[in-house]
Amino acid sequence: MEIPKTYDPKLTEDKWYAHWMKHKFFKSTPDEREPYTIVIPPPNVTGVLHMGHMLNNTIQDVLIRRARMLGKNACWVPGTDHASIATEAKVVALLKEKGINKTDLSREDFLKHAWEWKNKYGGIILKQLEKLGASCDWDRTRFTMEDDLSDAVIDVFIDLYNKGQIYRGVRMVNWDPQGLTAVSDEEVIHKEVNSKLYYVKYKIEGHTPNPSQEGNVEDEWITIATTRPETILGDTAVCVHPDDERYKHLKGKRVIIPMVNRSVPVIFDTYIDLTFGTGALKVTPAHDINDYNLGVKHNLEVIDTIAANGKMSEAAGFYIGEDRFAVRKKIAKDLEEMGQLVKVEDIKNKVGYSERTDAVIEPKLSMQWFLKMDNISKPALENVLNGEIKLIPEKFVNTYKHWMENVHDWCISRQLWWGQQIPAWYDDKGNTVVAKTHSEALEKYKIKYPTSNVQQLKQDEDVLDTWFSSWLWPISVFDGFKNPDGADINYYYPTNDLVTAPEILFFWVARMIISGYEYRGKKPFSNVYLTGIVRDKQGRKMSKSLGNSPDPIELIEKYGADGVRVGMLLCSPAGNDLPFDESLCEQGRNFSNKIWNAFRLINGWEVDNNAKQGDANKIAIEWFDAKFNEQLEIINDLYSKYRMSEVLMTTYKLVWDDFCAWYLEMIKPEFVDGKSLPIDKETYDATINFFEKLLKVLHPWMPFITEEIWHLIGKRNEKECIIVEEWPKTRNVNTEIVKHFETVMEVITNIRNSRKQKNISPKEKLQLFEKVNQGEIIKTYDAIISKLCNLSSFEYVNQKVEGAFSFVLKHAEYFIPLSQNIDKDAEKERLTKDLDYNKGFLNSVQIKLSNEKFMANAKPEMIANEKKKQADAEAKIKAIEEQLTSLN
RNA sequence: GGGAGCUUAGCUCAGCUGGUUCAGAGCAUCUGCCUUACAAGCAGAGGGUCACUGGUUCGAACCCAGUAGCUCCCA
């Protein structure tokens with residue numbers, strides 16, 4: 001069979017994925033093994049796979065595949081999130097294209113459209129994950145709005161309401177005038193923008209001469225600074241700092257709001273920043289959270305001048321029905337005409353935008369449902385601080401702590417239809433009961449309001465925040481609410497690792513921890529691995545709107561899933577951003593090819609059952625065995641610390657450098673008369689064994705190519721797949737040999753370097769002489785040096801070899817006689833450079849050793865080591881000096 | 001305004017308890033090779049004042065203080 005020179009992922013990926021599915025290798029059911037569980041961060045059901053998902057899910061797949069190989073019962077639960085705002089926005093837009101307005105539809109009809117849309121497009125992202133190789137247990141696929149999960153959400157709402165944790169009230173919320181819904185604090189993105197700061201003067205009621213304002217007898221004014229003059233119409237006070245000398249005389253005074261001519265009090269509060277603007281603040285309790293708080297404190301009137309759609313309301317009195325931003329310009333002009341606009345400055349300030357619609361958030365008072373966070377969040381804080389739940393990297397603990405200590409009540413209602421409708425029922429007077437169904441509600445109502453004869457209650461129109469369902473995810477996917485003592489929940493919960501983006505640490509992770517302790521009394525997971533954000537080369541976050549995100553599926557087609565997986569993970573330390581560049585995938589693809597060709601080489605060998613194993617092969621095997629074990633220990637350790645990209649890099653070097661570049665070159669049969677000599681069976685078997693172990697270590701990262709080669713390299717039946725093979729075990733090996741080999745490699749590199757410098761073809765055989773100056777002569781590795789350097793002879797001498805090219809190592813000098821003449825000046829220059837370096841080095845060591853304080857304070861092994869360094873350097877200097885004299 | 005973090009080679013990053021020839025890796029670059037597994041490759045080489053200033057120490061990329069720049073989170 002002809003094996004192609006390059007690895008073609010297209011021929012293997014779909015084949016093996018189907019094969020794994022057919023044999024249910026991803027499937028998990030509780031058994032006696034130790035479980036290893038990951039629940040997927042459910043992507044938005046509307047979403048398509050982007051680079052962030054790729055990174056995330058590759059890491060999860062690596063962890064799952066390794067756990068499976070470690071003999072654990074690996075269970076990766078997939079699913080999607082109904083994403084109320086995002087999905088509803090998409091459906092609304094789609095309907096609009098068809099000429100249908102959401103407002104013209106009944107709730108039922110709208111939801112019908114939405115479900116239709118979900119059923120048609122909702123599965124795309126999961127299909128895409130298959131392309132990546134994700135080994136999820138697809139039989140467990142869940143959706144946050146499916147019946148069981150919705151039931152759990154409603155039950156939890158009712159339970160928390162009954163516990164007094166949920167309340168309804170008028171609060172200042174972040175209002176999205178485009179999405180026409182409240183959004184949570186976490187869904188507001190603050191961006192710095194260029195704004196204008198308007199200085200507007202308000203007339204002070206009555207006539208009060210002010211000594212500091214000469215000539216202003218008739219009227220007195222106070223100037224305030226604001227970036228939002230359109231809210232002036234809703235002002236109900238002006239606030240200054242009690243210590244501000246400029247305004248002390250205004251105690252008890254009132255000012256007149258321009259345009260509306262409303263008389264409002266001047267209030268005093270230490271909240272005011274004396275240095276900002278004029279030190280006087282207009283107070284609009286309806287449209288600013290801080291003003292709202294001042295309003296509560298000082299008992300101010302609240303005038304809501306901006307309607308839900310961002311246009312001025314009746315209450316504004318002016319500009320009714322006009323957009324808030326248009327009014328901002330208009331009112332500035334009108335104030336100027338009235339002579340009350342003092343000046344306008346350009347400033348930079350932060351403005352909140354809706355994460356989902358990118359509309360400028362309008363702080364707005366509205367009736368919403370809230371979850372009290374102060375008590376319920378306590379175990380979640382505690383158990384992260386005490387390490388019961390680990391955040392990786394650890395630096396996020398600080399951020400987490402800060403957030404959890406300043407947590408606000410969670411606004412859980414959303415003015416949408418797509419989602420779980422709030423199970424609260426009202427009569428026409430606003431009396432409320434909370435119950436799952438109308439009949440249950442009615443029963444409760446009758447008990448609560450026995451005198452009323454109302455027969456029909458109206459359910460709350462709003463739905464719950466999406467996170468109010470996804471915070472139950474690790475419990476609900478195992479039916480922990482429906483069946484709290486079920487086999488699944490008892491076996492899989494708490495899960496092991498959660499892999500997600502730091503952006504949703506509070507949105508999601510913290511809340512899952514909260515619900516985990518509230519409903520299971522246990523953490524939902526032990527480790528949270530926080531990935532970075534995938535950015536483009538210019539450091540911009542990859543996003544659809546910027547169009548700077550490559551299509552992952554196209555990347556997979558171009559470089560293979562394995563190549564893309566490797567590319568993404570090569571440089572993505574936990575918690576650090578990943579500056580993505582397609583060339584990384586190229587590196588991944590090249591690595592696939594390297595592995596493929598190692599396979600081709602080994603596969604092409606003819607095995608001679610009778611041939612005797614040579615010494616070189618024997619020692620090479622011994623070395624690689626030791627090297628592999630050493631590196632596997634490092635890899636296992638790095639895994640335990642979740643240093644994923646370091647695991648990958650270590651594996652990469654082990655395969656490419658140690659196995660391909662060194663080991664295979666050492667044992668590769670010679671080529672004679674246009675034919676490769678056969679290889680002895682012992683070496684062949686050992687090599688296959690090594691290669692298989694390497695494939696196993698590679699498998700979590702590169703599942704497809706490893707499975708393909710696994711089946712090509714040995715006779716295996718359908719079920720004997722690498723995906724379910726056992727992770728290689730480490731054992732005690734000869735570590736001495738690894739150290740010896742470092743010297744061997746140094747010798748080889750030096751000889752190759754000499755060839756290069758002297759322009760000698762690798763085909764030309766060389767003689768090598770070694771003069772050992774220190775320690776015993778070890779001839780064990782000579783055969784390997786001879787082979788890799790193409791030597792004709794390798795002899796030991798006691799004397800220098802005249803007229804030969806030479807180099808000096810710690811323990812010995814090496815001579816390569818050359819047919820051509822030695823360039824003495826060049827040699828001298830090279831040796832002098834080397835000599836200077838070693839003398840400098842010796843000097844620094846000697847300074848240390850002659851330092852009394854060092855000798856008194858340093859650890860004994862440190863001193864011994866310095867002494868050894870001194871002896872080595874002295875020996876080397878001596879050898880170099882002798883060579884220099886012999887050149888003269 | 002409050003908080004957290006970062007600054008090491010052209011790029012992306014390691015560097016653990018201060019001490020091994022500790023200044024590293026991968027990529028990129030340069031040079032020579034189409035050497036019968038792989039040019040998506042092989043061999044070799046050159047790149048750094050560890051942001052800056054001071055301090056602690058026998059010894060600092062590492063600890064401390066200050067300065068500058070950058071990033072993120074919260075208000």
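Every chain is numbered from 1 and lettered A, B, ... according to where its sequence line falls, protein lines coming before strand lines.
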A:K765 meets the side-chain hydrogen bond (donor to acceptor under 3.5 Å, both in side chains) criterion, sequence neighbours left out, with A:N790

Ignoring the backbone of A:N597, work out which of B:C38, B:G41, B:C74 is nearest its side chain.
B:C38

Counting any heavy atom closer than 4.0 Å, what does A:R755 reach on the DNA or RNA strands: base, sugar-phosphate only, or nothing?
nothing

Which nucleotide in the set B:C27, B:A43, B:U35 lies at the smallest distance from any side-chain heavy atom of A:K763?
B:U35

Syn/anti state for B:G59 [syn: chi within 90° of 0]
anti

Any idea how A:Y663 and A:F690 line up, ring-wise: parallel (<30°), tilted (30 to 60°), or perpendicular (>60°)?
perpendicular

Mind checking ring pair (Phe, Tyr, Trp, His ring centres under 6.0 Å) for A:F704 and listing every partner two or more places apart, or none if nothing turns up?
A:W20

Nucleotide B:A4, atom P - distance to CD of A:E405 in whole Å
12 Å

Contacts table for residues 664-672 of chain A: side-chain donor-acceptor under 3.5 angstrom, sequence neighbours left out:
| unit_1 | atom_1 | unit_2 | atom_2 | d |
| --- | --- | --- | --- | --- |
| A:E665 | OE1 | A:K668 | NZ | 3.4 |
| A:E665 | OE2 | A:K668 | NZ | 3.4 |

When the P atoms of B:A9 and B:A51 are compared, how many Å lie between them, rounded to an integer?
8 Å

Send over the distance from A:L601 CG to B:U35 P, rounded to a whole Å.
16 Å

Tell me whether the side-chain N or O atoms of A:E665 pair up with the base of B:A37 as donor and acceptor below 3.5 Å, since no angle test is needed here.
yes

For the side chain of A:K756, counting heavy atoms from C-beta on, which of B:C58, B:C73, B:A43 is nearest?
B:A43

For B:G32, take OP1 and OP2 only and decide whether either is under 4.0 Å from a side-chain N or O of A:N759.
no

Assign A:W605 to base, sugar-phosphate, or nothing according to its heavy-atom contacts below 4.0 angstrom with the strands shown.
nothing

Assign A:F591 to base, sugar-phosphate, or nothing according to its heavy-atom contacts below 4.0 angstrom with the strands shown.
nothing

Students often get this wrong, so: under 4.0 angstrom with heavy atoms, is A:K594 touching a base, only sugar-phosphate, or nothing?
base

Between A:N597 (side chain) and A:K5 (backbone), is there a donor-acceptor pair under 3.5 Å?
yes

Locate the shortest heavy-atom distance separating A:W403 from A:A510; write the atom from each residue and the value.
CZ3-CB, 3.9 Å

Heavy atoms only, 4.0 Å cut-off, all strands: where does A:N593 land among base, sugar-phosphate and nothing?
base

Distance, C1' atom - from B:C22 to B:G18, rounded to whole angstrom
12 Å

Base, sugar-phosphate alone, or nothing: which one does A:A661 contact when heavy atoms must sit under 4.0 Å apart?
sugar-phosphate

Any donor-acceptor pair under 3.5 Å from A:D291 side chain to A:T284 backbone:
yes

Between B:A45 and B:C50 - P atom distance, rounded Å
24 Å

Is there a side-chain polar atom (N or O) of A:T749 under 4.0 Å from OP1 or OP2 of B:G44?
yes

A:E646 side chain: which of B:A4, B:G26, B:A14 is closest?
B:A14

Without decimals, in angstroms, what is the distance between A:L648 CG and B:U12 C1'?
14 Å

Could you check how far CG of A:N590 sits from C1' of B:A37, rounded to whole Å?
15 Å

For atom C1', what is the distance between B:C62 and B:U71, given to the nearest Å?
22 Å

Distance, C1' atom - from B:A39 to B:C34, rounded to whole angstrom:
7 Å

Whole-Å C1' distance, B:A28 and B:G48:
16 Å

note: A:H408, atom NE2; B:C74, atom C1'; distance rounded to Å ~ 8 Å

Should A:W656 be listed as having a side-chain N or O under 4.0 Å from OP1 or OP2 of B:C42?
yes

Ignoring backbone atoms, establish whether A:Y559 has a side-chain N or O less than 4.0 Å from OP1 or OP2 of B:A40.
no

RNA chain B in dot-bracket, Watson-Crick or G-U pairs under 3.5 Å, [ ] crossing, | other strand?
(((((((..((((.....[....)))).(((((.......))))).....(((((..]....)))))))))))).

Which part of the nucleic acid, if any, lies within contact of A:R589, taking any heavy atom under 4.0 Å across all strands shown: a base, the sugar-phosphate backbone alone, or nothing?
base

Can you check the A:K401 NZ to B:G2 C1' distance for me, whole Å?
14 Å

Taking B:A4, B:G19, B:A14 as options, the one with an atom nearest any side-chain atom of A:F854 is B:G19

Expressed in angstrom and rounded to an integer, what is the separation of A:D658 atom CG from B:A25 atom C1'?
13 Å

Can you tell me how far P in B:U53 sits from the matching atom in B:A14, rounded to whole Å?
25 Å

B:C13 to B:A75 separation - C1' atoms, rounded to the nearest Å:
34 Å

Any salt bridge linking A:R228 with A:E362? Criterion: basic side-chain nitrogen under 4.0 Å from a carboxylate oxygen.
yes

Report which part of the nucleic acid A:N838 touches: base, sugar-phosphate, or nothing (heavy-atom distance under 4.0 Å, all strands).
base

Looking only at B:U36, B:C38, B:A4, the nucleotide nearest the A:K5 side chain is B:C38

Both A:T399 and A:K641 contact RNA chain B. Taking the nearest nucleotide for each, which residue is further toward the 5' end?
A:K641

When we call it a touch if two heavy atoms are under 4.0 Å apart, what does A:K868 touch: a base, just sugar-phosphate, or nothing?
nothing

Of the listed B:A4, B:A45, B:A37, the closest approach to the A:K668 side chain comes from B:A37

The side chain of A:R643 is closest to which nucleotide in this list: B:C42, B:A37, B:A14?
B:A14

By nearest-heavy-atom nucleotide on RNA chain B, the more 5' of A:D872 and A:W662 is A:D872

Please determine, for the side chain of A:N865, which listed nucleotide (B:G26, B:A37, B:U20) has the closest atom?
B:U20

Output every pair passing side chain to side chain donor-acceptor pair (under 3.5 Å) with a member in residues 631-641 of chain A, not counting sequence neighbours, ordered by first then second residue.
A:R66-A:N636, A:N636-A:W727, A:D637-A:K641, A:Y639-A:W701

What's A:S583 touching, base or sugar-phosphate or nothing? Going by heavy atoms closer than 4.0 Å.
nothing

Return the set of residues passing salt bridge (charged side-chain N to carboxylate O under 4.0 Å, His left out) with A:D658 (not counting sequence neighbours), or none when no residue passes.
none

Classify the ring geometry of A:F659 against A:F691: parallel below 30°, tilted from 30° to 60°, perpendicular beyond 60°.
parallel

For A:E866 and B:C22, give me the distance from atom CD to atom C1', rounded to whole Å.
12 Å

A:H402 has its side chain closest, among B:G5, B:G2, B:U31, to B:G2

Please check: side-chain N/O of A:N593 versus main-chain N/O of A:Y7, any donor-acceptor pairing under 3.5 Å?
yes

